[in-house]
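Read the structure below first, then the notes.
Given the structure is predicted, the values throughout are model-derived calculations rather than measurements.
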Amino acid sequence: MKDIPVHRMQDRCNIGLEIKHFTPGSQPKEVETLGVHRDDHYLFFILRNGSASLMVDFNEVHFAESSLYYLLPGQVHQPTRYNMGDGWFVAVDAPLIPPDYRMVFEGQLRLQQLYQLNPQQLEECHNVLTLLENKYNSNEDDAFYLPVIHSLLQSFLGMVATCYCNAIHGSRQLLRPAQLSQQFKKLLTENMRTLKSPSGYAIKLNVSESYLNEALKKTTGLSVSYWIMQEVVLEAKRLLYYSELNTKQIAHNLGYDDHTYFSRLFKRVAGSTPLEFRRHYRK
């Protein structure tokens, strides 16, 4: 593998959405053999019953009954166990997700967690997704086909955003430090190859560096520079494990002209050199 494959929404469909309802025995074989990859779109999963596991950025996520989960664009993942009895899979192009919802989905600096749906939430999501799938599979020439699909999709996305927002923050109104942390995470994901200074992110966010540090420490317990290095090293780990790029190529990919400096930085953060990490995880 020269680099990590990217699955693109435009190759799946032309309306920015794909939805599938899985029932026992209906999972396509290609899902079970799906290799390591990224997506350029969001993925949402609801498991009504059964079980499944995903490896997401070196963390194994175990799905249980009544669980909700999502993957962000760019996260490296691979199914490791797939025995879904009854559940939903929804792929959504990022432009279809309102900015307020994206703030909730993208604002977590740590890996997003499974959300356990209560019976009412599970039933509501199932009902909306059933309507969405029925309309999705209907005649595309029907009047208002796309507006109806997008309206139903917005209802589902709103339900998911509400679940995660309430779980993390306790209410819809986010405190300023939490809002700032979410904005920082979005900027970090988009700019970590070219911008690595805490002051640079503070300028983009229109706050002082000290206030940004204070906000991050209040919401995560850790500093801005810590999260910048974590994001850089995570991307380096992905490339070391899943691609055949050498350390020098990975360093340049991540914005470092001096690959020896990058190797020292990687060892300080990860506890091993890039080559030691690759050998350990590939043995």
Side-chain angles (χ1 to χ4, degrees), residues 7-34 37-54 56 61-73 75 77-79 81-98 100-102 104-105 112 114-165:
H7 294 186
R8 305 187 186 281
M9 174 59 77
Q10 65 184 22
D11 298 329
R12 307 174 75 113
C13 63
N14 58 7
I15 63 170
L17 166 70
E18 186 179 26
I19 179 171
K20 292 180 181 177
H21 180 206
F22 293 114
T23 53
S26 69
Q27 298 95 320
K29 287 187 177 180
E30 59 266 26
V31 172
E32 299 175 10
T33 58
L34 199 59
H37 66 284
R38 306 176 195 260
D39 295 290
D40 71 349
H41 48 274
Y42 284 79
L43 296 178
F44 296 89
F45 304 92
I46 288 182
L47 191 61
R48 299 182 78 198
N49 55 65
S51 62
S53 297
L54 276 179
V56 183
V61 180
H62 300 282
F63 293 74
E65 186 175 301
S66 303
S67 58
L68 165 67
Y69 192 66
Y70 66 91
L71 288 170
L72 296 169
Q75 287 187 305
H77 58 281
Q78 178 185 27
R81 184 169 55 83
Y82 212 85
N83 185 29
M84 186 183 287
D86 185 346
W88 292 92
F89 161 89
V90 187
V92 185
D93 207 5
L96 294 181
I97 299 181
D100 286 352
Y101 298 168
R102 290 185 67 179
V104 175
F105 301 145
Q112 62 272 16
L114 281 172
Y115 182 88
Q116 194 70 23
L117 296 163
N118 65 39
Q120 180 180 343
Q121 292 169 327
L122 181 61
E123 189 64 18
E124 288 174 351
C125 288
H126 176 70
N127 290 340
V128 169
L129 290 175
T130 299
L131 290 171
L132 177 57
E133 185 189 40
N134 288 341
K135 187 61 183 176
Y136 177 83
N137 290 326
S138 67
N139 191 338
E140 293 185 21
D141 295 327
D142 286 350
F144 308 114
Y145 174 80
L146 272 180
V148 172
I149 278 182
H150 289 163
S151 294
L152 290 168
L153 175 63
Q154 294 308 307
S155 296
F156 169 67
L157 293 174
M159 291 175 178
V160 176
T162 298
C163 289
Y164 276 94
C165 192

Indicate the ring-plane relationship of Tyr164 and Phe105, choosing parallel, tilted or perpendicular according to the 30° and 60° boundaries. perpendicular
Heavy-atom pair with the smallest gap, counting every atom of Glu65 and Gln116: O-NE2, 2.7 Å
Once salt bridge (charged side-chain N to carboxylate O under 4.0 Å, His left out) is applied, do any residues pair with Glu18, and if so which ones, sequence neighbours excluded? Arg12, Lys20
Rounded distance (nearest 0.5 Å) linking atom NZ of Lys135 with atom OG1 of Thr130: 15.5 Å
Would Phe63 and Leu54 satisfy side chain to side chain contact (heavy atoms under 4.5 Å, CB included), going step by step from the backbone distance to the final call? CA-CA 8 Å; Phe63 293 74; Leu54 276 179; 3.9 Å; yes
Locate the shortest heavy-atom distance separating Val128 from Ser155; write the atom from each residue and the value. CG1-CB, 4.2 Å
Hey, does the side chain of Tyr145 reach the backbone of Tyr136 with a donor-acceptor pair shorter than 3.5 angstrom? yes
Can you find a pair of side-chain heavy atoms, one from Leu17 and one from His150, that are under 4.5 Å apart? no
side-chain hydrogen bond (donor to acceptor under 3.5 Å, both in side chains) between Gln121 and Tyr115, intermediate numbers included: CA-CA 11 Å; Gln121 292 169 327; Tyr115 182 88; 3.2 Å; yes
The reported gap from CG in Asn118 to CD in Glu123 (rounded to nearest 0.5 angstrom) is 11.0 Å
Looking at the rings of His21 and His126, which for Trp means the six-membered one, are their centres under 6.0 Å apart? yes
Taking all heavy atoms of Val61 and all of Tyr69, pick out the closest pair and write down the distance. CG2-OH, 3.6 Å
Can you measure from OG (Ser67) to CG (Leu122) and round to the nearest 0.5 angstrom? 9.5 Å
Closest non-hydrogen contact found for Val90 with Ile19 is CG2-CG1, 4.1 Å
After noting the C-alpha distance and the side-chain angles of Asp40 and Gln10, does the key distance pass the side chain to side chain contact (heavy atoms under 4.5 Å, CB included) rule? CA-CA 9 Å; Asp40 71 349; Gln10 65 184 22; 5.7 Å; no
Distance, nearest 0.5 Å, that separates CD1 of Ile15 from CG of Asp93: 10.5 Å
Qualifying residues under ring-ring contact (aromatic ring centres under 6.0 Å, His included), relative to Phe156, sequence neighbours excluded: Phe44
Spatial distance of atom CG (Leu153) from atom CG (Leu131) [nearest 0.5 Å]: 13.0 Å
Correct closest heavy-atom pair for Ala161 and Tyr101 would be CB-CD2, 3.7 Å
Can you measure from CG (Leu152) to CG (Leu157) and round to the nearest 0.5 angstrom? 11.0 Å
Is there side-chain contact between Leu68 and Leu114, with at least one heavy-atom pair below 4.5 Å? no
Check step by step if side chain to side chain contact (heavy atoms under 4.5 Å, CB included) holds for Val148 and Asp142. CA-CA 10 Å; Val148 172; Asp142 286 350; over 6 Å; no
Report the C-alpha separation of Leu43 and Phe45 in whole Å, then their side-chain angles, then the decisive distance to 0.1 Å, and conclude whether the side chain to side chain contact (heavy atoms under 4.5 Å, CB included) test is met. CA-CA 7 Å; Leu43 296 178; Phe45 304 92; 3.9 Å; yes
Nearest heavy-atom contact between Cys125 and Ile46 is CB-CD1, 3.6 Å
